[in-house]
Structures are given as structure tokens and as C-alpha cells.
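In each ligand, atom 1 is the first atom listed, and ligand 1 is the first ligand listed. When a residue number appears, it is its place in the shown sequence, counting from 1. Excluded from the calculations below are hydrogen atoms, water molecules and symmetry mates; all remaining heavy atoms, backbone and side chain alike, are included.
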Amino acid sequence: MKTALTIAGSDSSGGAGIQADLKTFSAHGVFGMSVIASVTAQNTQGVTAVEDMSPKIIDAQLDAIFTDIKVDAVKIGMVSNSDAIKVIADKLKSYRPRHVVLDPVMVSKSGYDLLQPDAKQTLISDLIPLAGVVTPNLREAAVLTDMRIEGIEGMERAAKAIYHMGSASVLVKGGHLKEEPVDILYDGSKLHHYKGERIHTKNTHGTGCTLSSAIASNLAKGLTLDEAIMEAKRYIHGAIKNSFSLGGGVGPTNHFYQWFGERV
Ligand SMILES: Nc1ncnc2c1ncn2[C@@H]1O[C@H](COP(=O)(O)OP(=O)(O)OP(=O)(O)O)[C@@H](O)[C@H]1O
Ligand SMILES: Cc1ncc(CO)c(N)n1
């Protein structure tokens with residue numbers, strides 16, 4: 001069985017973060033593992049508290065996995081501070097996993113800061129150069145590049161600018177566009193557009209985590225990056241289409257509709 005590791009934050013309500021990642025890996029038939037970098041107290045209405053794990057326990061979790069198990073793909077999500085980012089970068093440099101998908105999580109859908117402002121520079125200098133693909137949303141791409149991004153042309157410029165920070169490729173996600181949600185990849189030579197059809201629902205908690213974990217799962221299974229993204233877009237479309245209301249706020253994506261029916 002292929003394996004995938006998520007290095008990210010825990011979402012107590014199960015819609016985003018580590019929990020969304022592990023559900024996505026399972027739905028792809030990939031064995032999921034986790035390194036918890038932060039714990040968030042969170043529900044469908046917002047984040048109320050965050051506690052970061054110490055660099056020491058992040059380091060120990062990474063060693064425990066990599067000294068024993070072959071990791072086919074790594075997905076990195078919320079890592080909120082510089083020290084944690086540095087530990088992760090050091091371990092990736094020594095263990096060299098084949099595929100690294102970096103989702104540069106910065107702000108929750110409800111507006112809570114998940115990346116400390118002074119950690120942005122460390123993310124750029126230490127982690128982006130180790131990524132096979134970086135998957136910022138519009139806002140994250142704007143923060144990383146200090147650019148204003150409104151439409152497709154801005155997304156293309158941002159993808160190129162982030163590529164020049166050192167990652168092998170960049171997928172700027174268009175979920176927050178006013179029009180159809182097209183995602184744009186720059187791989188150093190070409191721009192690729194992955195089109196989607198907008199689904200009108202309030203229940204989009206965890207879409208970014210789900211997409212990056214689906215890409216990591218597909219890479220673990222041996223798909224090319226282009227195939228991995230196309231397949232992940234198909235997966236996120238179904239997961240949003242079958243998303244559901246849970247709690248009083250933004251409900252989660254649905255990973256299991258393929259087995260348990262169109263609606264839960
Ligand atoms: N309403 C929607 N209908 C169809 N596809 C969508 C919709 N919203 C987002 N997507 C797709 O979902 C994926 C995640 O994109 P999005 O821009 O929402 O990420 P994100 O902002 O990082 O998510 P999160 O807020 O969970 O961190 C992208 O492939 C995007 O095109
Ligand atoms: C722990 C965690 N990671 C990522 C997100 C995405 O916004 C979130 N809300 N919570």
C-alpha cells in the first residue's frame with residue numbers, strides 16, 4: 001500500500017487540517033500518517049484557540065516515521081511559526097521524500113491567523129524551495145508575492161513569482177475568484193489551467209486541505225503532476241457537491257459520498 005504523511009494542524013471539528021487530510025488519504029486508498037504541528041480549537045463557526053507543538057516533538061514525530069516507514073508523499077499544511085518550519089525543512093532535507101505538496105495555510109475561512117507574521121519569510125526561504133508543488137489560494141499568493149491579485153492574469157503572474165522562490169511548480173487556486181474556480185499551474189515552462197464549475201454552497205470548510213491531500217495521494221500512487229491535479233479537481237468537485245451542513249457555520253467537504261450515496 002502507498003503511504004502519505006500530513007504535517008499540519010489539528011482541526012477539532014474534523015473539517016480541515018490533519019483530519020481532512022487523513023480522510024482524503026483514506027478515500028484514495030492511501031495509508032495516512034500525521035505529524036501534528038499545532039492543535040486548534042475550531043468548529044464550523046471559527047477558531048477560538050491555537051497551541052503550537054514544540055519543535056522537539058515535531059522533530060521526534062518526523063524521525064519516528066521516516067526512520068521506519070517509506071513515505072511516498074508528504075503534504076504540509078498549517079505550520080504556524082518559524083522554529084517549526086525550520087525543523088520540518090531540516091528533516092525534509094535529510095530524508096528527501098519523493099513528493100512534497102506544500103499548502104501555505106495562512107488564514108482560516110473565518111479569518112483567524114494560522115501563520116505568525118514573522119514566519120512568512122521562513123516559509124519562503126526554507127520550505128518553498130523544498131516543495132514539488134505549492135498550492136496557495138488567491139489571498140496566500142498575494143501575501144507571498146506582495147502583489148494585488150484579482151483575476152486570471154494576476155494568478156498567472158503570482159504563480160511565476162512563487163516559482164522563482166524555488167519550488168518545482170506552483171498551483172494558484174481560484175476558489176475565491178468571483179467567476180468559475182479555475183486553478184493555475186506554473187511548472188517552470190508552461191502555464192496550465194484546471195477549470196472547475198462553481199458549486200453554490202456555504203459548506204466549503206476544508207476545501208484547500210482536501211485538494212492538496214488529494215494531489216499528494218495521487219502523486220503517492222504514481223500519477224504525474226498533471227494527472228494528479230486533474231484527478232484532485234474531480235475529487236474536490238464531488239466532495240464540495242456533496243458537502244453538508246454540520247454545526248451552525250461553514251460545513252465540511254464530504255469524502256465518503258462515493259460509498260454511502262450522493263447525500264448524507
Ligand atoms: N464553490 C466551489 N465550487 C467548485 N470548486 C471550488 C469551490 N470553492 C473552491 N473550489 C475549488 O476547491 C479547491 C480549493 O480552493 P480554495 O481556493 O477554496 O482553497 P483554500 O482557500 O485554500 O481553502 P481553505 O479555505 O479550506 O483553506 C480549488 O481547486 C478550487 O478551485
Ligand atoms: C488546522 C487547520 N488547517 C487548515 C485550515 C484551512 O483553513 C484550518 N481551518 N485549520
Within-cut-off N or O pair, Glu140 and ligand 1, under 3.5 Å =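 Between Glu140 and ligand 1, no N or O pair is found under 3.5 Å apart.
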
Based purely on interatomic distance, does Ile240 place a nitrogen or oxygen under 3.5 Å from a nitrogen or oxygen of ligand 1?
->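 No, no N or O pair falls under 3.5 Å.
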
If you measure from each non-hydrogen atom of Val47 to ligand 2, which part falls under 4.0 Å: side chain, backbone, both or neither?
->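 For Val47, there is no contact with ligand 2 at all, from either part.
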
Give a yes/no on ligand 2: does Leu114 have at least one heavy atom closer than 4.0 angstrom to it?
-> yes

Non-hydrogen atoms of Cys209 versus ligand 2: any pair closer than 4.0 Å?
->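 So Cys209 counts as touching ligand 2.
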
Can you tell me which residue and heavy atom of the protein come closest to atom 1 (C) of ligand 2, and the distance to 0.1 Å?
->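 For atom 1 (C) of ligand 2, the nearest protein heavy atom comes out as Gly9 O, 3.4 Å.
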
Atom 10 (N) of ligand 2: the protein heavy-atom neighbour that sits closest, reported with distance to 0.1 Å | Gln42 NE2, 3.2 Å

Any [X] heavy atom less than 4.0 Å from ligand 1:
| X | value |
| --- | --- |
| Glu197 | yes |
| Ala16 | no |
| His176 | yes |

Ligand-residue contact atoms, ligand 2 with Ser108, heavy atoms, under 4.0 Å | 7 (O), 9 (N)

Report the C-alpha distance between Lys120 and Asp146 in whole Å, list the side-chain angles of each, state the deciding distance to 0.1 Å, and finish with yes or no for salt bridge (Lys or Arg N to Asp or Glu O under 4.0 Å).
-> CA-CA 11 Å; Lys120 170 185 141 179; Asp146 293 319; 3.3 Å; yes

What residues, two or more places apart in sequence or in another chain, satisfy ring pair (Phe, Tyr, Trp, His ring centres under 6.0 Å) together with Tyr194?
->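 In terms of ring pair (Phe, Tyr, Trp, His ring centres under 6.0 Å), with neighbours along the sequence ignored, Tyr194 is linked to no residue.
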
All ring pair (Phe, Tyr, Trp, His ring centres under 6.0 Å) counterparts of Phe25, not counting sequence neighbours = none

Going by the order shown, which atoms of ligand 1 are within less than 4.0 Å of some heavy atom of Leu211?
->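 Under 4.0 Å from Leu211, ligand 1 has these atoms: 29 (O).
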
After noting the C-alpha distance and the side-chain angles of Ser243 and Asn203, does the key distance pass the side chain to side chain donor-acceptor pair (under 3.5 Å) rule?
-> CA-CA 6 Å; Ser243 63; Asn203 298 323; 4.6 Å; no

